[in-house]
Amino acid sequence: MGPPGAGKGTQAVALAERINGAHVSTGDIFRANVAQETELGQAAKRYMDAGEYVPDEVTNAMVADRLAQDDAREAFLLDGYPRTLDQVAKLDQILADLDSGLDGVIALTVVEDELIGRLLERAKVSGRSDDTEEVIRHRQEVYRNETEPLLAVYRDRGLLIEVDGMGSPEEVGARIAEALSTRA
Ligand code: ADP
């Protein structure tokens, strides 16, 4: 978990590889569907472009489907999901049905000015339609309102692992590895 620009995607790809698990990024799946102009992509696009969350029922159904696939059976790393309390409840159900569960929830912390700066930098090269300054600021606000409350939920469950997300991707990756090793 972490606000837009915290470096979730970068770290998630590396960590999924390390745990030999499926990397399940809801943002990536939505973008692939938008590019392929699928029905799901059409349903998601206007929300994404506006920096809003895609409706829970759309996202939840997509994740349920993805986690039921073979390559996610042994291990998976969720990137960008859950982001709402409704998604937390639905994820609990999905995992219970699969006889599975979460080992931990990694949250990357980065100060807001740095987040905006990083996203504006990324905007120059990403070509993402949601990387304009106005939408970037809105995404931060949506994160604070909708997603930040989830940190307390996972903290109460003893699953939260907070990691300082400032610094280079390598530094942050090393901190994550360190946090996981002292926990295991
Ligand atoms: P970032 O967190 O950097 O903004 P993502 O690639 O994770 O980027 O997500 C991009 C967009 O995809 C979000 O702004 C949102 O519209 C949609 N999205 C991704 N994950 C979810 C989710 N779990 N619930 C609802 N919408 C989502």
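Read the numbers this way: they start at 1 and go in the same order the structure lists the ligands and their atoms.
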Worksheet item: Is any NZ, NE, NH1 or NH2 atom of the basic residue among Asp49 and Arg128 found under 4.0 Å from an Asp or Glu carboxylate oxygen of the other?
Response: no
Discussion item. For atom 4 (O) of ligand 1, what's the nearest protein heavy-atom neighbour? Residue, atom name and distance, please.
Written reply: Arg139 NH2, 2.7 Å
Discussion item. With a heavy-atom distance limit of 4.0 Å, tell me whether Phe30 approaches ligand 1 through its side chain, its backbone, both, or neither.
Written reply: side chain
Worksheet item: Does a salt bridge link Glu170 with Arg175, judged by any charged N lying under 4.0 Å from a carboxylate O?
Response: no
Worksheet item: Does ligand 1 have an atom under 4.0 Å from some heavy atom of Arg128?
Response: yes
Discussion item. Can you report which non-hydrogen protein atom sits closest to atom 2 (O) of ligand 1, along with the distance?
Written reply: Lys8 NZ, 3.2 Å
Practice prompt. Name the closest protein heavy atom to atom 26 (N) of ligand 1, giving the residue it belongs to and the distance to 0.1 Å.
Written response: Val54 N, 3.0 Å
Discussion item. Taking 4.0 Å as the limit for heavy-atom contacts, which would you say applies to Thr59 with ligand 1: side chain only, backbone only, both, or neither?
Written reply: side chain
Practice prompt. State the atoms of ligand 1, each with its element, that fall below the 4.0 Å cut-off from a heavy-atom position in Thr26.
Written response: 19 (C), 20 (N), 21 (C), 23 (N)
Worksheet item: Is it the case that Thr109 and Asp164 place a side-chain donor and acceptor less than 3.5 Å from each other?
Response: no
Worksheet item: Going by distance alone, is a donor N or O of one side chain under 3.5 Å from an acceptor N or O of the other, for Tyr81 and Ser25?
Response: no
Response to the item:
So NE2 of His138 and CD of Glu52: to nearest 0.5 Å the spacing works out to 3.5 Å
Worksheet entry | Distance filter under 4.0 Å to Glu52 heavy atoms, resulting ligand 1 atoms | 15 (C), 16 (O)
Worksheet item: Are any non-hydrogen side-chain atoms of Phe30 and Leu40 less than 4.5 angstrom apart?
Response: yes
Worksheet entry | Shortest reach to atom 5 (P) of ligand 1 by a heavy atom, considering only Arg122, Arg83, Met48, Gln87 | Arg83
Worksheet item: Does an N or O anywhere in Arg31 fall below 3.5 Å from an N or O of ligand 1?
Response: yes
Practice prompt. Indicate whether any N or O donor in one side chain lies under 3.5 Å from an N or O acceptor in the other, for Glu17 and His23.
Written response: no
Worksheet item: Out of curiosity, does Val105 fall in the hydrophobic cluster containing Val110 (side-chain heavy atoms, cut-off under 4.5 Å, transitive links)?
Response: no
Worksheet, complete the sentence: Residue, atom and distance of the protein heavy atom nearest atom 23 (N) of ligand 1 read Gly80 O, 2.8 Å
